[in-house]
Amino acid sequence: MNSSQDTCLQPIELDAHFCFHCHPELSCFNLCCHDLIQFLYPYDILRLKKHLATSSTDFLKAYCLIYDGESSGLPVVSLKPDPNRQHACPFLCETGCIVYEDRPASCRIFPLARGLVRNRISGCIEERYARIPDPLCKGFESDQSIHLKDWLASQDMDKFNRMNDAMMPLISLKNQLRPGPLPLREREIFITGCYDLDRFRKKHYETGALTDLFSKKQLMHAADSDEALLLLGMDWVRIQLFGEIK
């Protein structure tokens with residue numbers, strides 16, 4: 001989210017349409033990729049490090065800042081802006097985004113924001129969407145109307161949301177049981193299991209250290225799928241920090 005924009009979100013229903021179209025001919029093209037705080041989910045890092053053909057460990061060192069979140073006390077990862085280019089995203093070039101196919105969820109969903117709320121009557125978790133009214137963005141001036149569900153599908157948000165939502169039970173447990181920042185050792189456990197997938201694979205998965213914690217089927221599935229290994233890593237963090245799994 002650009003720090004200079006009006007942050008008064010405008011709710012939008014799932015069956016609604018909105019007007020937006022971003023393209024290189026706009027005078028604001030690439031401006032939204034400057035002076036921002038770009039938070040990353042674990043799945044964002046998985047996609048980005050694959051795109052760049054690097055390890056998650058090297059990706060975190062080269063492109064990210066890690067600090068404790070104010071509300072959760074959990075480590076938060078954000079992209080490191082480039083101070084020599086007006087604090088631009090490290091993946092921005094003159095022609096646009098060099099990792100566009102694997103850009104983070106918050107980039108691909110723009111100009112929308114997504115939140116999860118619990119229905120007070122049913123107790124079910126429900127999605128809520130809102131439009132981000134960025135006064136610098138000329139994409140809103142387009143007369144090209146798109147259905148919200150079609151927009152989400154075109155941005156492959158279903159997979160990103162499903163993977164990112166896997167973090168919610170872990171965050172909820174932390175808020176309930178362990179308020180405040182984690183001790184250093186547990187902080188490293190969280191970073192390794194959630195964000196540094198290659199370190200988790202090498203240090204814990206490939207050494208056989210998980211055989212007493214997970215079924216053979218789970219472990220075999222993770223051997224063929226980085227997504228499955230990431231979910232396994234999150235469950236490993238839950239076990240290490242709270243002694244429980246799903």
Side-chain angles (χ1 to χ4, degrees), residues 1-5 22 24 29-111 113-114 132 134 155-157 159-167 170-171 181-182 184 187-205 225-227 229-234 237:
M1 181 182 296
N2 194 294
S3 61
S4 63
Q5 70 190 38
C22 178
F29 189 64
N30 288 345
L31 289 181
C32 58
C33 302
H34 292 78
D35 193 24
L36 48 75
I37 300 175
Q38 186 68 53
F39 296 114
L40 299 178
Y41 281 94
Y43 186 62
D44 292 329
I45 294 175
L46 172 58
R47 294 282 293 255
L48 288 168
K49 69 102 176 177
K50 281 187 172 182
H51 186 104
L52 297 169
T54 187
S55 72
S56 55
T57 304
D58 289 342
F59 178 88
L60 290 169
K61 290 179 180 178
Y63 300 108
C64 298
L65 301 170
I66 304 178
Y67 45 91
D68 293 332
E70 291 184 9
S71 58
S72 69
L74 288 170
V76 173
V77 178
S78 65
L79 283 178
K80 189 186 304 180
D82 186 347
N84 298 318
R85 295 189 299 134
Q86 299 178 318
H87 299 280
C89 170
F91 305 124
L92 178 66
C93 68
E94 290 185 4
T95 57
C97 178
I98 64 172
V99 295
Y100 188 79
E101 296 85 355
D102 295 295
R103 64 200 184 283
S106 58
C107 292
R108 58 182 61 234
I109 199 175
F110 184 84
R114 174 181 181 263
I132 302 172
D134 187 343
Q155 304 304 307
D156 197 22
M157 287 307 303
K159 186 168 188 178
F160 276 81
N161 289 341
R162 186 171 65 254
M163 292 297 297
N164 293 342
D165 290 350
M167 284 282 287
L170 182 54
I171 295 173
L182 293 172
L184 181 60
R187 187 177 188 271
E188 289 302 310
I189 287 173
F190 184 87
I191 293 171
T192 298
C194 294
Y195 295 111
D196 198 344
L197 191 65
D198 291 307
R199 183 168 184 245
F200 174 69
R201 177 187 290 108
K202 183 177 180 180
K203 187 175 180 180
H204 300 282
Y205 181 78
S225 166
D226 280 347
E227 287 81 4
L229 183 63
L230 177 56
L231 295 176
L232 201 71
M234 293 181 192
V237 172

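These numbers come from the heavy atoms of this one structure, side chains and all, not from hydrogens, waters or symmetry mates.
Within 6.0 Å of CD on Glu70 lie no more than 12 heavy atoms contributed by other residues, nucleotides or ligands. Within a 6.0 Å sphere centred on CD of Glu188, other residues, nucleotides and ligands contribute more than 12 heavy atoms.
If you look at Phe200 and Tyr205, their ring centroids are not closer than 6.0 Å.
Here Asp196 contributes atom CG and Ser55 contributes atom OG; the two are 7.0 Å apart, rounded to the nearest 0.5 Å. Atoms CG and CD1, on Leu74 and Ile171 in that order, are 6.5 Å from each other to the nearest 0.5 Å. Here the CG atom belonging to Leu31 is positioned 11.5 Å from the CG atom belonging to Leu36, to the nearest 0.5 angstrom. Distance CD1/Ile191 to CD1/Ile66: 4.5 Å, rounded to 0.5 Å. Interatomic distance, Leu40 CG to Tyr63 OH, rounded to the nearest 0.5 Å: 12.5 Å. In this structure, Ile37 CD1 and Leu79 CG are separated by 11.5 Å, a value rounded to the nearest 0.5 Å.
In this structure, Arg108 and Pro104 have side chains that are not in contact, with every pair of non-hydrogen atoms separated by 4.5 Å or more.
Heavy-atom minimum distance, Thr54 versus Asp58: OG1-CB, 3.4 Å. Nearest heavy atom pair, residue Val237 against residue Gly193, reads CG2-CA, 3.7 Å. In terms of heavy atoms, Leu48 sits closest to Asp102 at CD2-O, 3.3 Å. When all heavy atoms of Asp44 and Phe39 are compared, the pair lying nearest together is OD2-O, 4.3 Å. The heavy-atom pair separating Cys194 from Met234 by the smallest distance is SG-CG, 4.3 Å. Across every non-hydrogen atom of Glu227 and Lys50, the tightest pair is OE2-NZ, 4.3 Å.
Counting only N and O atoms by type, the side chains of Thr192 and Arg199 include a donor and acceptor under 3.5 Å apart.
A donor-acceptor pair under 3.5 Å links the side-chain atoms of Asp198 to the main chain of Ser56, judged by distance alone. Not a single donor-acceptor pair under 3.5 Å links the side chain of His51 to the backbone N or O of Tyr100.
With Phe190 as the aromatic partner, Arg187 does not meet the cation-pi criteria of under 6.0 angstrom to the ring centre and within 45 degrees of the ring axis.
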Requested in this report: Start with the C-alpha gap between Leu92 and His34, add the side-chain angles, then the distance that decides, and say whether side-chain contact (heavy atoms from CB on, under 4.5 Å) holds.
Outcome: CA-CA 9 Å; Leu92 178 66; His34 292 78; 3.3 Å; yes
Requested in this report: Go through the steps for Gln155 and Arg103 under the test side-chain contact (heavy atoms from CB on, under 4.5 Å), then give the verdict.
Outcome: CA-CA 10 Å; Gln155 304 304 307; Arg103 64 200 184 283; 2.4 Å; yes
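Here Arg114 pairs with Asp165 in a salt bridge; the nearest charged N to carboxylate O distance falls below 4.0 Å.
Between Gln38 and the options Cys89, Ser78, Ser106, a side chain to side chain contact (heavy atoms under 4.5 Å, CB included) holds for only Ser106.
Ring-plane geometry between Phe160 and Tyr43 is classed as perpendicular, the angle between the planes exceeding 60 degrees on a 0 to 90 degree scale with a lower cut at 30.
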